[in-house]
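All residue numbers in this chain count up from 1 along the given sequence. Treat the numbers as computed from the prediction; the structure is a model and nothing was measured. Only heavy atoms go into these numbers, but all of them, side chains included; no hydrogens, no water, no symmetry mates.
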Amino acid sequence: MKLSISKHELNEAIQQVAKAASSRPTIPILGGIKIEVTHQGVTLTASDTDISIQSFIPVERDNLVIAHVDKPGNVVLPAKFFVEIVKKLPSDNVEIEVGAHFQTLIRSGSTDIQMVGLDPEEFPVLPSIEQNELFQMPGDLLKAMIRQTVLAASVNEQTPILTGVLWSLQDKQLKFVATDRHRLASRVAQAETAMEYRFNNVVIAAKTLVELSKLVPDQHGLVDIVVADNQVLFKIGNVLFYTRILDGTYPDTSKIIPSMFKTELVLDTKNLTDAIDRAYLMSREEKTNIVRLTTLDNGVIEISSSSTEVGRVTEQLDAKQFDGEPLRIAFNSKYMLDVLKVIDSEQIFIGFTGAMSPIVIRPTDHSYNTYVILPYRTTN
């Protein structure tokens, strides 16, 4: 195998696929990046078996020559070193030549690097996915849906299914749900697909979705999504992102969200965020994160927290709207801040059905997002 290639194009593709290379591989090949060279272009692949990412660099794009292939071939190079070295090469052009026993020479400017390559035949085969049925969604919308739901996924590996985000598609409506049993996040959106195309109980690990989100451009370009038996494929331009669907059945969360409330508040999102942020500083010192919300007269609410060692924070806010019974409730301020920071609305609705019932939070200007936080029982 022998080729010369644009350093910029090679570096960009390596950065994309390296996210899937295992940092602590059980076998050395999983810590590598596979390079496949043909006269059509260069394909880079990395996989830790849970996720696999593949990026294709054509030899020519928009009449601009990106790579010149002298001899096709394959090799696997250690990702950790390969990523760092390509980034630091001195010249805009990189030559890669693979000799006997996969010994690899990388040359750029006056720099020569010898690397020990691995046999590409040992590299895991990518999942075979039928691409007959797929749906599309704008990249910026996909990123927003991920950002607004992963916050509620569990980080406890003892219940693996809850470390993921549940996807379901029905009647062209795509829905994401995540919960760790203490809070819940839900987001819906319209999807570009045939009316009869549907699925449910597709659960993708939250940390995988965070990595996917980094690969999706901020622009409005469409991402193709293919759901198979145990894999989901995302096509983002020249990048293919495969992920395993988590095993198990996601719990039914439909009955968790109350629809009738005893107390309803509409508040300015930024003012509430800032007030809880200040109260969080004190509650964090107590290592409880507990903040209290109390309704006062004339539509005023009080946010407070205390620490036995540091002191107390009390702050009053005017509600934009206040209906129903007086209320005093305690909740995890970190959970509330996580929600407030991802809501894209100037005002929020908060519904309460009692001091020990779920707290429901929604934007006021649309109904795409719903959040639920369980309150705390406190002694005072």
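- Looking at every heavy atom in both residues, R328 comes nearest to A355 through O-CB, 3.8 Å.
- Side-chain atoms of H366 come within 3.5 Å of backbone N or O of Y368 as a donor-acceptor pair.
- Side-chain polar atoms of E95 and S4 form no donor-acceptor pair below 3.5 angstrom.
- Proximity of a side-chain donor or acceptor of K143 to a complementary backbone N or O of V216 within less than 3.5 Å is detected.
- Across every non-hydrogen atom of W167 and I225, the tightest pair is CZ3-CD1, 4.2 Å.
- The two atoms that bring G311 and M282 nearest to each other are O-SD, 3.6 Å, heavy atoms only.
- Formation of a donor-acceptor pair under 3.5 Å by the K34 side chain with backbone atoms of A46 is not found in this model.
- Residue pairs meeting the ring-ring contact (aromatic ring centres under 6.0 Å, His included) criterion with at least one member in residues 123-144, sequence neighbours excluded, are F135-F199.
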Using atom types as modelled, flag every donor-acceptor pair under 3.5 Å from a side chain in residues 85-93 to any protein atom, sequence neighbours excluded.
from: S91; atom 1: OG; to: N93; atom 2: N; distance (Å): 3.2

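- A side-chain donor from one of Q148 and D344 sits under 3.5 Å from a side-chain acceptor of the other.
- Pairing each heavy atom of D338 with each of L151, the nearest pair is O-CD2, 3.9 Å.
- No chain of hydrophobic side-chain contacts below 4.5 Å, direct or via other Ile, Leu, Val, Met, Phe, Trp or Tyr residues, connects I256 to F331.
- Residue-environment remark: CG (D252) exceeds the threshold of 12 foreign heavy atoms within 6.0 Å.
- Between the side chains of D268 and Q347, no donor N or O sits under 3.5 Å from an acceptor N or O.
- There is no path of hydrophobic side-chain contacts, each under 4.5 Å, that joins F81 to I29.
- Contacts of T159 classified as side-chain contact (heavy atoms from CB on, under 4.5 Å), with partners at least two apart in sequence or in another chain: I161, L162, R181.
- Using a 4.5 Å heavy-atom threshold, the side chains of H182 and Y335 count as touching.
- Every residue two or more places apart in sequence or in another chain was checked for a salt bridge (Lys or Arg N to Asp or Glu O under 4.0 Å) with D318, and none qualifies.
- Counting only distance, with no hydrogens or angles, the side chain of T364 and the backbone of F349 share no donor-acceptor pair below 3.5 Å.
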| query | Can you list the steps and then say if I303 with R292 is a side-chain contact (heavy atoms from CB on, under 4.5 Å)? | reply | CA-CA 6 Å; I303 303 290; R292 291 173 178 80; over 6 Å; no

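- Checking side-chain atoms of T104 against main-chain N and O of F102 turns up a donor-acceptor pair under 3.5 Å.
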| request: Apply side-chain contact (heavy atoms from CB on, under 4.5 Å) to the pair V232 and Y242, showing each step before the final yes or no. | output: CA-CA 6 Å; V232 182; Y242 297 82; over 6 Å; no

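- For E133, the side-chain contact (heavy atoms from CB on, under 4.5 Å) partners at least two apart in sequence or on another chain are Y197.
- Tracing side-chain contacts under 4.5 Å through hydrophobic residues (I, L, V, M, F, W, Y), one reaches L174 starting from F234; they form part of the same cluster.
- Residue V17 is tested with V83, T43, I53 for a side-chain contact (heavy atoms from CB on, under 4.5 Å); the sole match is I53.
- For the residue pair T269/E346, the side-chain donor-acceptor check at 3.5 Å is not satisfied.
- Other residues, nucleotides and ligands contribute only 12 or fewer heavy atoms inside 6.0 Å of the NZ atom of K207.
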| task | Could you walk me through whether V76 and D119 pass the side-chain contact (heavy atoms from CB on, under 4.5 Å) test, one step at a time? | result | CA-CA 6 Å; V76 176; D119 185 351; over 6 Å; no

| field | Evaluation steps, side-chain hydrogen bond (donor to acceptor under 3.5 Å, both in side chains), between E302 and T294 | value | CA-CA 5 Å; E302 184 177 273; T294 309; 4.8 Å; no

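- No hydrogens or angles considered: a donor-acceptor pair under 3.5 Å links the side chains of D323 and Q321.
- Between D274 and R278, none of the side-chain N atoms (NZ, or NE/NH1/NH2) sits under 4.0 Å from a carboxylate O, so this pair counts as no salt bridge.
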| query | Would D112 and Q114 count as a side-chain hydrogen bond (donor to acceptor under 3.5 Å, both in side chains) if you check the C-alpha gap in whole Å, the side-chain angles of each, and the deciding distance to 0.1 Å? | reply | CA-CA 7 Å; D112 280 13; Q114 295 273 356; over 6 Å; no

| request: Before giving the answer on side-chain contact (heavy atoms from CB on, under 4.5 Å), spell out for T163 and E157 the whole-Å C-alpha distance, their side-chain angles and the decisive distance to 0.1 Å. | output: CA-CA 7 Å; T163 63; E157 295 288 345; 4.3 Å; yes

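- For the residue pair S305 / S283, no side-chain donor-acceptor distance below 3.5 Å is found, with atom types taken as modelled.
- Between the side chains of D365 and S345, at least one donor N or O lies within less than 3.5 Å of an accepting N or O.
- Each of N74, L10, V42 was scored for a side-chain contact (heavy atoms from CB on, under 4.5 Å) with I35, with one residue passing: V42.
- Under the 3.5 Å distance criterion, the side-chain polar atoms of K19 are matched with a main-chain donor or acceptor of Q15.
- Under the side chain to side chain donor-acceptor pair (under 3.5 Å) rule, R244 has a single partner from T49, T208, D50, which is D50.
- Side-chain contact check for S154 and N156: no donor-acceptor pair (N or O, by modelled atom type) lies under 3.5 Å.
- In terms of heavy atoms, T295 sits closest to P326 at OG1-CA, 3.2 Å.
- Contact between V291 and A279 at its shortest, heavy atoms only, is CG2-CB, 3.7 Å.
- Checked by atom type and distance alone, the side chain of T314 never pairs as donor or acceptor with a backbone atom of S304 at under 3.5 Å.
- Listed by first and then second residue, the salt bridge (Lys or Arg N to Asp or Glu O under 4.0 Å) pairs involving residues 57-75 are E9-R61 (not counting sequence neighbours).
- Residue N298 qualifies as open at atom CG: its count of foreign heavy atoms under 6.0 Å is 12 or below.
- Taken from CG in L166 to OG1 in T253, the straight-line distance is 7.0 Å, to the nearest 0.5 Å.
- The pair R183-D180 meets the salt-bridge criterion, since a charged nitrogen lies less than 4.0 angstrom from a carboxylate oxygen.
- With hydrogens and angles disregarded, a donor-acceptor distance shorter than 3.5 Å links the side chain of T149 to the backbone of M145.
- To the nearest 0.5 Å, atoms CD1 (I343) and OG1 (T273) are separated by 8.5 Å.
- For NZ of K262, the number of neighbouring non-hydrogen atoms (other residues, nucleotides, ligands) closer than 6.0 Å is 12 at most.
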